[in-house]
Every structure is written in structure tokens, then in C-alpha cells.
Amino acid sequence: MSTQKLFSALFLQLILAIFVLDVADAQYLKLGFYKNTCPAAEDIVRETTAQYISKAPTLAASLLRIHFHDCFVRGCDGSVLLNSTKNNQAEKDAIPNLSLRGYQVIDAAKSAVEKKCPGVVSCADILALVARDAVSMINGPYWQVPTGRRDGKVSVALEALTNLPPPFANITQLKAMFQSKGLSIKDLAVLSGGHTIGISHCSSFTNRLYNFTGKGDTDPSMDPNYVIQLKKKCKPGDVSTVVEMDPGSFKSFDEDYYSVVAKRRGLFQSDAALLDDVETSKYVKLQSFSHGESFGQDFAASMVKMGRIGVLTGNAGEIRKYCAFVN
């Protein structure tokens, strides 16, 4: 066997071993994990989240995004919540995460739970619960969240850059990144629907408007009329202006995102890319034509699946006292 073939075989075995370990850890998650140790935990998290979402509903989008960004880097271990230190730049300070907001909701929920049950409930679980509760509070789906996650002790900014799907990703890259996390092509199409809520800075997509191929051109896959509208809002080099990701419906969790993408008005290249694959394109058109008949149910199922990525359970990791710091 050649050295290259031997390396390939060992690499595949390593990936399989990691996948098996991830699945094994995920099996330790269960509904009502804190039933005996902190029975009020989920109620406390829900009440705390409601206090914030009732005043600022747009926080729901960012809280969902924090959960997504957490799970895609080192698994759902709360590593995105850790602050940088003098000797380490954490995920929170990586470029893709600089626009995240809503950490105060996680901290408030953690503080409230700690007062009732000190040292019991992980920040990773609180984040998963807050994301679910926030989405449900803006008319989105509600899903059961298996708990039992432990908090990680490592957070590295570079890992966020290499693991988070960028807004300029094509369909091949997106499929590879999702599949590397144990998520299916359908999960990709479904979870992309999270863009039905929230806003984006112009800098995340202005290349599509002014310099798509480096020749001062626009992205031909975007509706030309939409390009004109966006150019009125976003000038070259604009890094401060924000635009609705689902125009006219960015505060409400609904299926309109798929109608927008079907009309070639997806804001990111990664949104438009959904039309470049048979399976994802079929899902986009199905939800657009059926007015999201199965979207809520599908989104709930994919969120449960995503919430199991690379979890720490048992004696792994720790239960942080404060979400921004390791113990």
C-alpha cells in the first residue's frame, strides 16, 4: 500500500471514529435532563428570554445565529460564548462573529438559573434553550430540546473562520461543510431558512453588486431589479448600513425566505446557491409554492439534529459558573 493510500485510509478511519464518538456523546442528551437536579431550569430560561424578546424581537435572529455558530465550531459546547484572553483570541472575536449580539440574554438566563441551582446547568444547554424559545416567541416553530450538554474549555478564533459557512460560499462548499457536521442536504436547505429573520451588513454581499468577478460587474444570478434597489442602500465600501435579509418580513419567522430566494433575491451568494442543486432547489420551490407547508416542522427537526453536533457529555468539559469564562 502506497504512503498516500495508507494516509487516506487512516484519515477515513479517524473521521469515522470522531463521528462515532460524536454520535455516542449525543446519545447522552435527553429531554428533561435536569428534571431532578434543577426542575425549574427550562421555565427560568423561558421567562428570562421572554423579558428580552418582548422588548426587542429582533434579538431572536441573533440568538438563533449564536447557537448555529456555536454548534458549527467544536460542536454545541458554548465555546462561542467565551471571551478572549491575553494569550488567546476566542471565537467571539473572529470576523464572522463580530456582528453577533444578544450575549446579555444568555448571561441573564445563566445568572437566574445559577441562583436557583448553582453549578448544575451548562451554558451550552442554556444557549440551545434560549435559541428555541426566542424563535417560538416570534411565531416560529417550537421544538423539544434534549439537554445534558457540558461546556467546552477551548475557544479559538481561527476555527470559526474555517468552520462557519461564509456568505460567499457556493453550493459545493455548503454541502461539504454541512455534511462534515453530520447534517444532510435537506438540513442545509431547511436551516438556511433561518435567514427569514434578521439583518445583514452591506459588506457581506456588496461584492455581488459591484465587483463579483473582479471586473466591476454584478452577480448575474441576482435579479437585476433587486441589484438596483440594493445599490441605493449599499455603496461601495459601506461597512455600517444594514439590510433586511427577508424584506418586509425580517421580524417574523415564516416561509417568505424561500419565495425571496426563488425570485433570485437571496441576499447572500450562499442563499442564491440553493438554486444550484437539484435537492435544495426542489426544497426552495416546494416551500415557496406551498407557503411553507412543512417548513416549521422541518426546521424543528433540523434544529434538534444540529443541537447534537459534537456535544460534550458525562464528565467531559465542565459546567461554567459564568458563560464568558472557564472556571
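Position 1 is the first residue of the sequence; numbering continues from there. Because only heavy atoms are used, hydrogens play no part in the values below, and waters and symmetry mates are left out as well, while side chains stay in.
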Parallel, tilted or perpendicular: rings of Tyr322 and Phe325 (30°, 60°): perpendicular
Is there a path of hydrophobic side-chain contacts, each under 4.5 Å between heavy atoms of I/L/V/M/F/W/Y residues, joining [Y] to [X]?
X      : Y      : value
Leu129 : Val304 : yes
Ile106 : Val120 : yes
Leu164 : Met177 : no
Leu63  : Met245 : no
Val261 : Leu209 : no

Please tell me if the side chains of [X] and [Y] come closer than 4.5 Å, counting only heavy atoms from C-beta onward.
X      : Y      : value
Leu274 : Leu188 : yes
Arg264 : Val227 : no
Met306 : Ile309 : yes
Leu267 : Leu230 : yes
Thr49  : Ile53  : yes
Thr206 : Pro236 : no
Phe268 : Pro166 : no
Leu100 : His69  : yes

Residues two or more places apart in sequence or in another chain: which of them pass ring-ring contact (aromatic ring centres under 6.0 Å, His included) with Phe205? none
Co-members of the apolar cluster containing Val278 [side chain, <4.5 Å]: none
side-chain hydrogen bond (donor to acceptor under 3.5 Å, both in side chains) between Ser184 and Gln179, worked out: CA-CA 6 Å; Ser184 68; Gln179 289 174 333; over 6 Å; no
Are [X] and [Y] linked by a side-chain donor-acceptor pair shorter than 3.5 Å?
X      : Y      : answer
Arg265 : Ser259 : no
Glu255 : Thr196 : no
Ser302 : Asp187 : yes
Asn163 : Lys181 : yes
Ser79  : Glu91  : yes
Asp271 : Tyr257 : yes

Using every non-hydrogen atom in the two residues, find where [X] and [Y] come nearest and quote the distance to one decimal.
X      : Y      : value
Leu174 : Pro165 : CD2-CB, 3.9 Å
Ser122 : Tyr34  : N-OH, 3.4 Å
Asn327 : Glu318 : N-OE2, 3.1 Å
Leu82  : Ser155 : CD1-CB, 3.9 Å
Ala273 : Thr280 : O-OG1, 4.5 Å
Ile66  : Gly102 : CD1-C, 4.3 Å

Show the numbers, then the answer: is there a side-chain contact (heavy atoms from CB on, under 4.5 Å) between Leu29 and Arg308? CA-CA 8 Å; Leu29 299 183; Arg308 294 180 177 273; 4.0 Å; yes
Pairs in or reaching into residues 269-319: which pass disulfide (SG to SG under 2.5 Å), with residues at least two apart or in two chains? none
Does [X] pair with [Y] as a salt bridge, N-O distance under 4.0 Å?
X      : Y      : result
Arg208 : Asp219 : yes
Arg46  : Asp43  : yes
Glu114 : Lys321 : no

For [X], does the [atom1] atom have more than 12 heavy-atom neighbours from other residues, nucleotides or ligands under 6.0 Å away?
X      : atom1 : value
Ile95  : CD1   : no
Gln297 : CD    : no
Asn315 : CG    : no

Test Ser281 against Asp277 for side-chain hydrogen bond (donor to acceptor under 3.5 Å, both in side chains), laying out the working first. CA-CA 6 Å; Ser281 178; Asp277 175 82; over 6 Å; no
Between Ser288 and Val284, is there a donor-acceptor pair closer than 3.5 Å when you use the side chain of the first and the backbone of the second? no
Hey, is the main chain of Gly78 close enough, under 3.5 Å, to the side chain of Arg320 for a donor-acceptor pair? yes
Test side-chain contact (heavy atoms from CB on, under 4.5 Å) on Met303 and Leu191 and set out the steps. CA-CA 8 Å; Met303 285 300 296; Leu191 293 174; 3.6 Å; yes
side-chain hydrogen bond (donor to acceptor under 3.5 Å, both in side chains) assessment of Asn88 paired with Thr85: CA-CA 5 Å; Asn88 176 66; Thr85 64; 4.9 Å; no
Can you measure from [atom1] ([X]) to [atom2] ([Y]) and round to the nearest 0.5 angstrom?
X      : Y      : atom1 : atom2 : value
Lys231 : Lys233 : NZ    : NZ    : 15.5 Å
Asp151 : Cys323 : CG    : SG    : 6.5 Å
Lys153 : Leu312 : NZ    : CG    : 10.0 Å
Asp70  : Lys92  : CG    : NZ    : 11.5 Å

Among Arg132, Lys35, Lys116, which residue meets the salt bridge (Lys or Arg N to Asp or Glu O under 4.0 Å) test with Glu42? Arg132
Option among Asp276, Leu275, Ile185 that satisfies the side chain to side chain contact (heavy atoms under 4.5 Å, CB included) test with Ile171: Asp276
For Phe212 and Phe168, what are the C-alpha separation, side-chain angles and deciding distance, and is it a ring-ring contact (aromatic ring centres under 6.0 Å, His included)? CA-CA 10 Å; Phe212 188 61; Phe168 51 79; over 10 Å; no
Please walk me through it: do Asn139 and Ser252 pass side-chain hydrogen bond (donor to acceptor under 3.5 Å, both in side chains)? CA-CA 7 Å; Asn139 301 318; Ser252 178; 4.6 Å; no
Kindly determine whether Ile319 and Arg150 satisfy side-chain contact (heavy atoms from CB on, under 4.5 Å), including the steps that lead there. CA-CA 6 Å; Ile319 302 297; Arg150 305 265 295 178; 3.5 Å; yes
Go through Asp133 and Tyr142 one step at a time and tell me if the side-chain contact (heavy atoms from CB on, under 4.5 Å) criterion holds. CA-CA 7 Å; Asp133 292 339; Tyr142 180 92; 4.2 Å; yes
Ring centroids only, cut at 6.0 angstrom: are Phe295 and Tyr258 within range, meaning strictly under it? yes
